[in-house]
Amino acid sequence: MKQQTCLRARVGGWRPDGSSWVQIKDNGVGLAERLERAAQTVKQVYSECPSYDELIPALLKHGLWDLPQHCKFKPSVPIKPMLAKPTNGISEVLEKFKDQEFTCEYKYDGERAQIHLMDGGKKIMIFSRNSENMTPKYPDIVARLPGCLAPGVDSCVLDGEAVGWDPEHKKILPFQAKEGEVEFALAKTSRDIEELETFLNEAVDASTEGLIVKTLVDAYDPSKRSSHWLKLKKDYLEGVGDTFDVVPIGAWHGKGKRTGLYGAYLLAIYDADSETYQTISKLGTGFSEEKLAELTELLRPHVIPAPRRYYQWGETQEPDVWFAPVKVWEVKCADLSISPVHRAAQGLVDESKGISIRFPRLVRVREDKSPEDATSAHQVAEMYRMQAVERVLILMVLVFQDRHNVVWHHYYYYYYY
DNA sequence: TTATTCTGCCC
DNA sequence: ATTATGT
DNA sequence: ACATAATGGGCAGAATAA
């Protein structure tokens with residue numbers, strides 16, 4: 001956040017004649033103290049109203065110390081949404097929220113949607129996680145929202161997740177009994193490990209990503225805590241989740257702090273039928289700086305001038321250097337997808353497209369495996385089929401009034417495309 | 001005009 | 001997104 | 001605890017090439 005820069009510009013400045021001014025009254029406190037308070041004020045105001053278009057005119061008109069009275073949280077100005085921190089398991093959740101009430105909700109795999117109702121209920125805007133205006137993307141939400149509001153509600157901000165849904169197959173969906181457009185979220189409040197474990201499994205079986213864990217009493221206050229919710233996904237658990245044994249067949253030169261090292265690798269699985277290495281993804285995370293340097297040195301001797309004839313990769317995935325197939329690495333992912341560029345299991349699930357993996361990261365180097373022992377194309381295809389499920393389009397909605405008087409309503413709002 | 005590549009956003 | 005790292 | 005900086009797949013729309 002840039003509030004420090006902002007502060008300097010507001011509390012002081014230079015007149016055209018070159019003299020400087022400071023817009024702070026001396027209340028008997030030191031300058032450092034006053035600056036600290038000023039910073040706090042601006043930070044607080046900015047967190048509720050993160051818009052320079054709002055802040056600057058208000059500052060010029062009313063001054064710094066009256067800013068909180070004139071620049072408040074309101075529909076039309078998107079705030080930074082609460083985020084969630086990755087968590088290793090239910091025991092870690094219990095540990096972190098030892099003295100707090102909390103609830104767990106399904107973590108739907110969609111797009112964050114912050115919905116603003118304003119102008120006496122006449123106007124709706126929808127913002128993304130990064131406060132981009134997504135309103136044109138969701139005409140159906142805009143159309144349906146008025147019918148989902150309690151009578152008299154003409155101003156609110158809703159925070160939720162928009163998720164895909166195939167209406168043809170809604171019978172297989174866990175929410176099918178819930179025909180209405182607005183329902184309470186599927187959530188569980190419990191401190192029982194087994195019960196929560198079961199709930200996590202149900203969430204995964206329902207083809208969601210896992211659970212979001214939220215304290216029940218804390219205010220929605222992104223100024224103080226950027227990640228005060230917790231997220232619990234199956235693939236965070238050690239020894240759980242999809243892993244692959246893959247072969248690095250190429251690499252790109254690293255940038256910034258990875259200058260001089262390979263910064264990312266091109267990974268392939270092995271198809272014994274065609275005796276080819278087929279690209280499944282790139283890899284750029286999961287290694288410490290030390291490991292990264294080590295891997296660079298390990299692979300450098302295996303650079304070859306041109307790709308092997310039996311490599312299959314996408315034209316847009318041309319690495320800076322190619323390797324002979326010598327190493328096997330274990331990588332973990334969250335999901336598999338049909339890929340426009342990668343070639344793993346090409347022809348097995350889709351005639352022309354291969355399969356790729358979502359959120360790949362290194363788990364460990366497999367010294368015990370040879371490249372021919374890498375995950376096979378058939379295994380990849382089978383894993384894809386296992387996870388292929390119909391998708392839902394849902395909006396999880398959190399209603400809140402203001403940061404000191406928070407009203408939590410968790411809804412799901414269903415819509416179709 | 002259309003096809004391809006690039007960019008910037010989502011996760 | 002994930003992960004590692006530095007303040 | 002938090003912010004920053006490396007990096008991932010995929011998609012849509014913009015920019016560019018043909």
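- The CZ-C1' distance, from A:F287 to C:dT3, rounds to 9 Å in whole Å.
- OP1 and OP2 of D:dA6 both lie 4.0 Å or more from every side-chain N or O belonging to A:K257.
- Between A:Y277 and A:W313, the ring center distance fails the sub-6.0 Å criterion.
- Rounded to whole angstrom, the span from the NZ atom of A:K291 across to the P atom of C:dT5 amounts to 13 Å.
- In this structure, A:Y236 reaches the sugar-phosphate backbone alone: every heavy-atom distance under 4.0 Å involves primed, P, OP1 or OP2 atoms, never a base.
- Counting non-hydrogen atoms of other residues, nucleotides and ligands closer than 6.0 Å to CD of A:E194 gives a total of 12 or fewer.
- Rounded to an integer number of Å, the gap from CD of A:E238 to P of C:dT2 is 17 Å.
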Worked check of ring-ring contact (aromatic ring centres under 6.0 Å, His included) between A:F323 and A:Y262: CA-CA 12 Å; A:F323 302 129; A:Y262 297 135; 5.4 Å; yes

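- At least one side-chain nitrogen or oxygen of A:K233 sits closer than 4.0 Å to the OP1 or OP2 atom of C:dT2.
- When each of A:L362, A:L267, A:L266, A:L283 is checked for a side chain to side chain contact (heavy atoms under 4.5 Å, CB included) with A:V246, only A:L267 meets the rule.
- Atoms NZ (A:K85) and C1' (C:dA4) sit 15 Å apart, rounded to a whole Å.
- For the pair A:L230 CG and D:dC2 C1', the computed distance is 15 Å after rounding to whole Å.
- Using a 30° and 60° split on the angle between ring planes, A:Y106 and A:F199 fall in the tilted class, from 30° to 60°.
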All N/O contacts under 3.5 Å from nucleotides 2-9 of chain B to the protein, with atom names and distances to one decimal?
none

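- Ring geometry for A:F127 against A:H116 counts as perpendicular: the plane angle is over 60°, on a 0 to 90° scale with 30° as the lower cut.
- Evaluation of atom-type donor-acceptor distances gives no pair under 3.5 Å for the side chain of A:T285 against the base of D:dT7.
- One can place CH2 of A:W252 at 15 Å from C1' of D:dA6, the figure rounded to the nearest angstrom.
- Judged by distance alone, the side chains of A:H378 and A:D271 never bring a donor and an acceptor atom under 3.5 Å apart.
- For residues 239-260 of chain A, the side chain to side chain donor-acceptor pair (under 3.5 Å) pairs, not counting sequence neighbours, are A:D245-A:K369.
- When the P atom of D:dA6 is taken as reference, atom CG of A:L292 falls 12 Å away, rounded to whole Å.
- For A:D235 and B:dC11, the CG to P distance is 17 Å, given to the nearest whole Å.
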Shorter than 3.5 Å, N or O on both sides, protein versus nucleotides 10-17 of chain D: list them out with atom names.
unit_1	atom_1	unit_2	atom_2	d
D:dG10	OP1	A:S337	OG	2.7
D:dG10	OP1	A:I338	O	3.2
D:dG10	OP2	A:S339	OG	2.7

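- Considering A:L336, A:V247, A:I357, A:T375 as possible partners of A:I280, the one that fulfils the side chain to side chain contact (heavy atoms under 4.5 Å, CB included) test is A:I357.
- At the phosphate of D:dA6, neither OP1 nor OP2 sits under 4.0 Å from any side-chain N or O atom of A:R258.
- Nearest to the side chain of A:K282, among D:dG8, B:dC11, C:dT2, sits D:dG8.
- There is a side-chain donor-acceptor pair under 3.5 Å between A:T135 and A:N133.
- Note on A:K231: only backbone sugar-phosphate atoms sit closer than 4.0 angstrom, heavy atoms only; bases stay farther off.
- Nearest to the side-chain atoms of A:A264 among the listed nucleotides B:dC11, D:dT7, C:dT5 stands D:dT7.
- Positionally, the nearest nucleotide of DNA chain C for A:P360 lies more toward the 5' end than for the other of A:P360 and A:E290.
- Each of A:A334 and A:E289 lies near DNA chain C, and the nucleotide nearest A:A334 is the one positioned closer to the 5' end.
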